[in-house]
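Worksheet: the structure to be examined is printed underneath.
To find a chain, count down the sequence lines: A is the first, B the second, and so on, and within it residues start at 1.
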There are 2 protein chains.
Amino acid sequence: MPLSTPDRSQVEPVIRRLNVLRPLSTEARTLLEYAMLEGVQRAGSGEDLISEGDAVDSVRLVLSGWLCRYKTLEDGRRQIVNFLFPGESCDAHAFLLSVMDHSIATMTPVIYTEIKRARFEGLVASDRTLAEAFWCETLVNSAIQREWAINLGRRVAFERVAHLFCEIVERLRPVGMVDGNSCVMPVTQMDLADATGLSVVHLNRTVQELRASGLIVLRDRTLTISDLDALKNAALFSPSYLQLYRRD
Amino acid sequence: MPLSTPDRSQVEPVIRRLNVLRPLSTEARTLLEYAMLEGVQRAGSGEDLISEGDAVDSVRLVLSGWLCRYKTLEDGRRQIVNFLFPGESCDAHAFLLSVMDHSIATMTPVIYTEIKRARFEGLVASDRTLAEAFWCETLVNSAIQREWAINLGRRVAFERVAHLFCEIVERLRPVGMVDGNSCVMPVTQMDLADATGLSVVHLNRTVQELRASGLIVLRDRTLTISDLDALKNAALFSPSYLQLYRRD
DNA sequence: GCGCACTGTTAACTTATTGAAATGCCGGAA
DNA sequence: TTCCGGCATTTCAATAAGTTAACAGTGCGC
């Protein structure tokens, strides 16, 4: 359903993020803003926006809320392979492949905008900075994916969960969703377990350890990081893969 | 060092792979072939072609040999996050980001071709099918990366190693490196351990288990898969993420 | 109010995986 | 040939993580 009151500010996270990745021309910004405002949609929590095996014919951009990419095995085991935060893009250019290799689900109520394939191709064809910004977006996504591989393969549970929290905070900060050293943590421990490759029980144990070590407070769906540097150290976290700052 | 005898057939794996991802126009094929033949290079086994933190200013395409992308933690723990096989591209468009988030190393002697950034940009600007093929290549790479995440996060050691072997065979097959049900396995068990997120000891045990169950023979750097369907079942392997066949 | 589902928490126990160390097997260098 | 280093293999004890199950808090529908 189209949103009743299109509001330019709601698409700002996307513009801002792309602009950090590649400075956008004024026209690019205007064109994109316009296209985004036309396709605004809402989804409830826990919905699949697209599923493994589905064909793709549009690009979705997240305006608010948390989503995840995930894959499942036949017997039900599930791995969240990435989160999607406001300003990020679900699947730029994914229509170049025949079908989705993974699913995308909302973890909170979500507002996103959908740009149909033809429209999107017109946009990126019309402006080089826009095309490059979207490519950067997918490249950063790949880099995050690689960091998740080393997280899952080589960090122990404690470091792994700490690393996830560090990453979440650093990805939420640029879109203004971090207040001091706190942010919302709207997902269940089962989701966190699926993101870190742990069992729910062991994830819970690990969260307790993080609490006991004084690094975090996690209560009432709010994560507070008492000492971010200490948490980063514990997690062996180094944020360069997130490409948070514009290169010169 | 440039290769003494440029030979059109040596760049064929790249052309063939891109052509599966997106049918290339005849001109595109010719242009790319020409550019590739100009930049042919060799590297020995165990060399870093590029390291985490390095700036990127060219695109490398693998003509022969095995490489890997890997990341390390400060204390030396290492995770191979992907392999690179003949026909594949190391870092198309990676120059859009400021620095490498990971390293690329050769695991065997390698022949590759290097196309400088400006040249590469000219190529993809001149032909739409070429640009799309390279984009597809990076998208498939992302899909593989996601499959590795579920492999590392949710498969147990036995399934994990089985899955890696399935993937290797399916990725080598299109470039003619699989002979019947056998292929070379030129890497050490330590490399396989780093790719599967296991310790060397446990990887060795797991390989023994795979042998004992009659699924594989691994000897003299040669992997023979006795019953591929059985191995795929054991691995919960489903090859669609590899995008091996051209979509219609 | 009551029951119910979902989530978080904890315990006890089992299993998977790691780590250190020793052994043997090559193949290459001297 | 001998020595040596890299690699595969095995053992054993130690530890990390999974499994099952129970229980408590919370919010929700009725």
Whole angstrom is fine here: how far is it from CG in B:Asp220 over to C1' in D:dC7? 13 Å
Using whole Å, what does the distance between atom C1' of nucleotide D:dG6 and atom CG of B:Leu192 come to? 15 Å
Please check if the number of heavy atoms outside B:Asp179 that lie under 6.0 Å from its CG is greater than 12. no
Measure the angle between the two terminal helix axes of the helix from C:dG1-D:dC30 to C:dA30-D:dT1, five base pairs each, and quote it to 10°. 30°
Between B:Thr108 and B:Gly65, what is the shortest heavy-atom contact and its length? OG1-CA, 3.3 Å
Exercise: identify the closest heavy-atom pair between B:Val175 and B:Arg16: CA-NH1, 4.0 Å
Report which part of the nucleic acid B:Arg219 touches: base, sugar-phosphate, or nothing (heavy-atom distance under 4.0 Å, all strands). nothing
Polar side chain donor-acceptor pair, [X] to [Y], under 3.5 angstrom:
{"X": "B:Trp148", "Y": "B:Glu167", "result": "yes"}
{"X": "A:Glu147", "Y": "A:His163", "result": "yes"}
{"X": "B:Ser58", "Y": "B:Glu114", "result": "yes"}
{"X": "A:Arg211", "Y": "A:Gln208", "result": "yes"}

Using the ring of A:Phe85 (Phe, Tyr or Trp, six-membered ring only), decide whether A:Arg171 places NZ or CZ under 6.0 Å from its centre and within 45 degrees of its axis. no
Nucleotide range of DNA chain C contacted by chain B, 5' to 3', under 4.0 Å to a heavy atom? C:dT17 to C:dA20
Sequence-aligned protein contact record of nucleotides 9-21 of chain D, with B where the base is within under 4.0 Å of a protein heavy atom and S where only the sugar-phosphate is: SBB-----BBBB-
So, are A:Arg77 and A:Asp194 salt-bridged, with charged N and O less than 4.0 Å apart? no
Any A:Arg221 side-chain nitrogen or oxygen under 4.0 Å from OP1 or OP2 of D:dG27: no
Please identify which of these residues, B:Val169, B:Thr224, B:Ile216, meets the side-chain contact (heavy atoms from CB on, under 4.5 Å) condition with B:Asn181. B:Thr224
